[in-house]
Amino acid sequence: AAALLAAAASFAQSEYNYQKRSLFEQLPIRGNDIVFLGNSITEQGWWSLLLKRGDVENRGIGGDNTFGMIDRLPDILKSKPRKIFLMAGINDLTGGQPVDTIVMNITRMADMVHEAVPGCRLYIQSVLPVNTRRLAYPGLKGHNPQVRALNARLVQLCDAKPWCTFVDLAPLLSDADGELRIDLTKDGIHLHPAGYVIWTDYLKKQKYLK
């Protein structure tokens, strides 16, 4: 029974991914737009409303990982966006991928961006920790040390590539124990609207959207 449930969940996720990608094909990004690329944490952000601008495109897909984003990136780059805000890695970690593999995939995406659109700035946003007290998904527990290790590696990646900027969101949304603030999450991993307000206020304060 457990195997059947897992297979059904996997099928549902792949079908959802396909439907979202089909929708994106019908809604092409305009040249010079700003793109938010990621998984469900990105997908659930109302970026245009939060940022009060019409040149922002949401390309988050719930359940996606760095392998899926590598596959999706060429279509995004065809439109020549001027900025990409990437958040990726938590689904890879919970799916059993090692930090080295995730860093390799994000490095590949960084190189793809620079090769296809040399003037595009890539903002690699820190992976957010989870809140273990509120987690609705027990399988996600135990990954916060890997989240911290991954973020440290992403800092190094951005230091090595002049077209990349590391956006350190995790401290803004974390408690004293380094977990996602319980008042900002509904299920231990996804954010309440207040979390997105903190996120976008920081992007504006740092002038990353200019």
Side-chain angles (χ1 to χ4, degrees), residues 9-24 27 29 34-48 50 56-77 81 83-99 101-110 112-113 122-131 134-137 139-141 143-144 146-151 153-154 157 166-170 172-174 179-180 184-193 195-196 198-200 203:
S10 177
F11 175 79
Q13 178 55 51
S14 62
E15 180 65 16
Y16 180 74
N17 191 288
Y18 171 77
Q19 293 293 342
K20 287 289 292 194
R21 291 183 66 159
S22 298
L23 175 63
F24 292 154
L27 301 169
I29 297 165
I34 297 169
V35 178
F36 281 74
L37 174 61
N39 50 45
S40 57
I41 298 171
T42 295
E43 181 182 26
Q44 293 178 19
W46 294 77
W47 304 108
S48 293
L50 287 160
V56 176
E57 299 287 348
N58 189 335
R59 287 299 182 268
I61 296 181
D64 208 5
N65 58 24
T66 56
F67 294 93
M69 292 177 212
I70 286 172
D71 193 50
R72 293 198 283 132
L73 189 55
D75 284 338
I76 292 170
L77 294 173
K83 295 176 185 283
I84 295 175
F85 287 83
L86 172 69
M87 182 181 282
I90 192 64
N91 288 334
D92 298 76
L93 288 176
T94 58
Q97 293 295 335
V99 168
T101 298
I102 302 167
V103 173
M104 179 182 68
N105 285 351
I106 294 177
T107 300
R108 183 178 173 193
M109 284 191 272
M112 289 167 67
V113 168
L122 177 63
Y123 295 84
I124 299 178
Q125 302 170 113
S126 56
V127 178
L128 302 181
V130 300
N131 185 287
R134 182 158 284 180
L135 266 180
Y137 318 101
L140 300 185
K141 288 187 177 181
H143 293 288
N144 279 345
Q146 291 172 292
V147 168
R148 290 190 289 272
L150 173 56
N151 285 333
R153 294 282 299 279
L154 295 179
L157 189 165
F166 183 73
V167 182
D168 200 7
L169 296 172
L172 303 173
L173 302 168
S174 299
E179 296 203 347
L180 189 61
L184 296 179
T185 181
K186 52 192 173 182
D187 57 7
I189 186 168
H190 298 101
L191 295 171
H192 285 311
Y196 288 104
I198 294 170
W199 183 339
T200 50
L203 297 183

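Quick caveat, the model's predicted, so the values are computed rather than measured.
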Leu172: partners by side chain to side chain contact (heavy atoms under 4.5 Å, CB included), with sequence neighbours left out: Leu169, Ile198, Tyr202
Does Asn65 offer a backbone N or O that forms a donor-acceptor pair with the side chain of Asn39 under 3.5 Å? no
Quick check against the 3.5 Å criterion: does Thr185 have a side-chain atom that pairs as donor or acceptor with the backbone of His190? yes
Distance, nearest 0.5 Å, that separates CD1 of Ile106 from OG1 of Thr101: 11.0 Å
Are Val130 and Lys141 packed together at the side-chain level, in the sense that at least one heavy-atom pair is separated by less than 4.5 angstrom? no
Please assess Leu150 against Val103 for the test side-chain contact (heavy atoms from CB on, under 4.5 Å), listing each intermediate value before the final yes or no. CA-CA 7 Å; Leu150 173 56; Val103 173; 3.7 Å; yes
Hey, is the main chain of Thr42 close enough, under 3.5 Å, to the side chain of Asn58 for a donor-acceptor pair? yes
Say you draw a straight line from CG of Asp71 to CE of Met109; how long is it, rounded to the nearest 0.5 Å? 11.0 Å
Distance-minimising heavy-atom pair for Ile41 and Met87: CG2-SD, 4.0 Å
Please find the pair of heavy atoms, one from Arg72 and one from Arg59, that lie closest to each other, and give the distance. NH1-O, 2.9 Å
Look up atom CG in Asn131 and atom NZ in Lys186, then write down how far apart they are to the nearest 0.5 Å. 14.5 Å
Side chain to side chain contact (heavy atoms under 4.5 Å, CB included) involving Ser174 - partner list, sequence neighbours excluded: Pro129, Ala170
When Leu37, Ile124, Leu203, Val35 are each screened for side chain to side chain contact (heavy atoms under 4.5 Å, CB included) with Phe85, the one that passes is Leu203
Residues at least two apart in sequence or cross-chain that pass side chain to side chain contact (heavy atoms under 4.5 Å, CB included) with Met112, listed by chain then number, are Ile70, Leu73, Pro74, Leu77, Arg108
Judged by atom type as modelled, is there a donor-acceptor pair below 3.5 Å linking the side chain of Asn151 to the main-chain atoms of Val127? yes
Hey, can you tell me if Phe36 and Trp47 have their rings parallel, tilted or perpendicular (30° and 60° cut-offs)? parallel
Once side chain to side chain contact (heavy atoms under 4.5 Å, CB included) is applied, do any residues pair with Glu43, and if so which ones, sequence neighbours excluded? Tyr16, Lys20, Ser40
Residues in side chain to side chain donor-acceptor pair (under 3.5 Å) contact with Tyr196, at least two apart in sequence or another chain: none
Return the set of residues passing side chain to side chain donor-acceptor pair (under 3.5 Å) with Asp92 (not counting sequence neighbours), or none when no residue passes. Thr66
As an exercise, state the distance from CG of Leu122 to NZ of Lys83, rounded to the nearest 0.5 Å. 11.0 Å
Separation between CZ (Arg153) and CE (Met104), nearest 0.5 Å, reads 11.0 Å
Tell me the closest heavy-atom pair linking Ile76 and Pro81, and the distance in Å. O-CD, 3.5 Å
State the CG-OG distance between Leu50 and Ser48, to the nearest 0.5 angstrom. 9.0 Å
